2 protein chains.
Amino acid sequence: MQTLNPTARVILGMIKLGRNTGYDIKSLVDVSTRHFWAASYGQLYPELKRLEQDGLITGRDEPSGGRRRRVYELTEDGERALHDWLASDEKPSYELRDEGLLKIFFGDSMSADELVRAVQANRRLHEGVGAALREIEPHARDAETRFPYLTLQAGLAEHDHMAAWWREVEERLARGEDPHVPADPKEQQ
Amino acid sequence: MQTLNPTARVILGMIKLGRNTGYDIKSLVDVSTRHFWAASYGQLYPELKRLEQDGLITGRDEPSGGRRRRVYELTEDGERALHDWLASDEKPSYELRDEGLLKIFFGDSMSADELVRAVQANRRLHEGVGAALREIEPHARDAETRFPYLTLQAGLAEHDHMAAWWREVEERLARGEDPHVPADPKEQQ
DNA sequence: GAAGGCATGTAAATCGTTACATGATTTA
DNA sequence: TAAATCATGTAACGATTTACATGCCTTC
């Protein structure tokens, strides 16, 4: 059994959660995993076809009204593939591409003013993600599933923390202090 | 002026910092920006050629011993392009792909045991990044530039915080409690 | 009747990793 | 003399985004 490609992983999981059309999967991704796992139609639809060809899902046309619609469900092989992935002990992949941080890395080439703005942009970015998560929070809390809510809290913890961290750098900079933040207060004894 | 592609952004900045060969740039990336901005030879060398063709950098062959070596520097246009990017007010891009979090998202389909292991994997991932950063920490602290050190501290703050967060989830799970972590103690009043 | 949501898809371009290929110099 | 490090590159593949194209249904 081939290892599932990245898009296949979300798809199988989302179908298991009852999201059974490409559109439906995309809609849920956009309000739930987007901040740590995005997906576009350009990936989703071709991958749904491939998964069907490989026998991990089956689809049937089920128009609702005159609107065409293809509804998928997991096959036994699909269930197994999903479970094997979830239970696998392979070190899970983790990739971050943070342009704001890269700018700060090159901060020695910036003026004081430019720097402050770059720091502000980082603070705002994390505040923005936090605010977006807080908006979907009540909705996620009331779902029948429990773990999507946990990942939302993980996102909240991360982005709130980083927003606060950058806010502190911003303040030190504003006071003309060295931006080198000492270790996190919680970490110090 | 075309906007710089992602790889061009690191390259120009790194050349500005005095890293003047493809190999040299890659070496620094691997011990400094890798945890938030990676780059491979497969991107670097072709992009160096493109940047030279576009007149943002100039290269000259400067063998050291019998070893061939192409040394680059920024042109005026390159300086300007770098600076324009650094000073631009465009919202910086931020992308995360976290497989471990995705597994947790589907945690309702896992057994208690599988779940604990997935949570542990997340904790370990962040601990691992933290440990790697701590190893390069003394080296980064003593550099003549100040801001690379700040990005290292940002990474430390983030990964230490997330390691602690997952550790707490792990403990709650071990005690058979609901994994839903309440708001961060610092955030509560 | 217009706007917004439901629904599916493709093409092109871009971006990125991995594996391969090569060879010199330095250090243990 | 073997291993590590310096050094440059390409080809194939895989992953992802963006823009385009289409059309029905529901609600205002």
Side-chain angles (χ1 to χ4, degrees), chain A residues 2-11 14-15 19-31 33-34 36-54 57 59-72 91 93-99 102, chain B residues 2-11 14-15 19-31 33-34 36-54 57 59-72 91 93-99 102:
Chain A
Q2 273 270 93
T3 66
L4 260 23
N5 78 28
T7 303
R9 306 204 256 264
V10 224
I11 289 179
M14 289 297 186
I15 294 178
R19 301 311 173 115
N20 48 19
T21 71
Y23 183 87
D24 203 14
I25 291 171
K26 166 76 167 148
S27 310
L28 182 54
V29 163
D30 281 347
V31 295
T33 68
R34 195 170 103 262
F36 61 86
W37 196 284
S40 67
Y41 288 128
Q43 295 168 265
L44 255 17
Y45 283 113
E47 187 59 24
L48 282 165
K49 286 203 173 167
R50 243 173 277 138
L51 288 170
E52 187 167 12
Q53 269 169 17
D54 294 351
I57 59 180
R60 63 177 189 289
D61 287 316
E62 200 170 76
S64 93
R67 216 188 250 151
R68 81 182 164 127
R69 198 162 170 265
R70 193 162 178 86
V71 174
Y72 294 95
K91 186 183 167 185
S93 65
Y94 178 91
E95 282 157 66
L96 175 63
R97 209 156 252 271
D98 185 337
E99 189 186 357
L102 187 63
Chain B
Q2 274 270 95
T3 66
L4 261 20
N5 76 30
T7 304
R9 306 205 257 264
V10 226
I11 289 180
M14 288 296 186
I15 294 179
R19 301 312 176 112
N20 48 20
T21 71
Y23 183 86
D24 203 13
I25 291 171
K26 166 76 167 151
S27 311
L28 182 54
V29 163
D30 281 346
V31 296
T33 67
R34 194 170 103 263
F36 61 86
W37 196 282
S40 68
Y41 288 129
Q43 295 168 265
L44 254 18
Y45 284 113
E47 186 60 23
L48 282 165
K49 286 201 172 168
R50 244 172 276 139
L51 288 170
E52 187 168 12
Q53 270 169 16
D54 295 351
I57 60 180
R60 64 177 189 290
D61 286 317
E62 202 170 75
S64 92
R67 217 187 247 150
R68 85 185 161 124
R69 197 161 169 265
R70 193 162 178 87
V71 174
Y72 293 95
K91 187 183 167 184
S93 63
Y94 178 91
E95 281 156 67
L96 175 63
R97 209 156 252 273
D98 185 336
E99 190 187 356
L102 187 64

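Letters A, B, ... mirror the listed sequences (proteins, then strands); counts begin at 1. Note that the structure is predicted; figures quoted are calculated from it, not measured.
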Q.
If you only use heavy atoms from C-beta on, which nucleotide in C/dT8, D/dT8, C/dT17 is closest to the side chain of A/Y45?
A. C/dT8

Q. For the side chain of B/Y72, counting heavy atoms from C-beta on, which of D/dA15, C/dA7, D/dG9 is nearest?
A. D/dG9

(Q) Between B/R70 and D/dG9, is there a contact of a side-chain N or O with OP1 or OP2 at under 4.0 Å? (A) no

Q: Would you check if the side chain of A/R19 reaches a backbone N or O of A/M14 as a donor-acceptor pair within less than 3.5 Å?
A: no

**Q.** Residue B/K49, side-chain atoms from C-beta onward, closest of C/dG9, D/dC6, D/dT10
**A.** D/dT10

**Q.** Candidate nucleotides D/dA7, C/dC15, D/dT16, ranked by approach to the side chain of B/R69 - the nearest
**A.** D/dA7

Q: Would you indicate what A/P6 reaches in the nucleic acid, counting non-hydrogen atoms under 4.0 angstrom: base, sugar-phosphate, or nothing?
A: sugar-phosphate

Q. Which residue lies toward the 5' end of DNA chain D, B/E95 or B/G42, if each is placed at its nearest nucleotide?
A. B/G42

Q. What nucleotide among C/dG16, C/dT8, C/dC15 has an atom nearest to a side-chain atom of B/N5?
A. C/dC15

Q) For B/T7 and C/dG16, is the shortest distance between a side-chain N/O and OP1 or OP2 below 4.0 Å? A) yes

Q: Among the candidates D/dC6, C/dG5, C/dG9, find the nucleotide nearest to the side-chain atoms of A/R68.
A: C/dG9

Q: State whether B/S40 places a side-chain N or O below 4.0 Å from either non-bridging phosphate oxygen (OP1 or OP2) of C/dT17.
A: yes

Q | Residue-phosphate contact under 4.0 Å: A/Y23 side-chain N/O, C/dT8 OP1/OP2 | A | no

Q. Counting only heavy atoms not in A/R97, do more than 12 fall under 6.0 Å of its CZ?
A. yes

**Q.** Any B/Q43 side-chain nitrogen or oxygen under 4.0 Å from OP1 or OP2 of C/dC15
**A.** no

Q | D/dA15 phosphate, OP1 or OP2, under 4.0 Å from B/R97 side-chain N/O | A | no

Q. Who passes side-chain contact (heavy atoms from CB on, under 4.5 Å) against A/A39, sequence neighbours left out?
A. A/V29, A/Q43, A/L44

Q.
Quick check for you: among C/dT8, D/dT5, D/dT10, whose closest atom lies nearest to any side-chain atom of B/R67?
A. D/dT5

(Q) By the 4.0 Å heavy-atom rule, please label A/S27 as base, sugar-phosphate, or nothing. (A) nothing

**Q.** N or O in side chain of B/Y41 less than 4.0 angstrom from D/dG9 OP1/OP2
**A.** no

(Q) Determine whether B/E52 and B/L48 satisfy the following criterion, side-chain contact (heavy atoms from CB on, under 4.5 Å), listing intermediate values before the conclusion. (A) CA-CA 6 Å; B/E52 187 168 12; B/L48 282 165; over 6 Å; no

Q) Using a cut-off of 4.0 Å on non-hydrogen atoms, how would the nucleic acid contact of B/G66 be classed: base, sugar-phosphate, or nothing? A) sugar-phosphate

Q) How many Å lie between CZ on B/R50 and C1' on C/dG16, as a whole number? A) 12 Å

Q.
Going by the rule side-chain hydrogen bond (donor to acceptor under 3.5 Å, both in side chains), which residues pair with B/R50 if we only count those two or more places apart in sequence or in a different chain?
A. B/E47

Q: Please work out if A/D24 contacts a base, only the sugar-phosphate, or nothing of the nucleic acid, heavy-atom cut-off 4.0 Å.
A: nothing

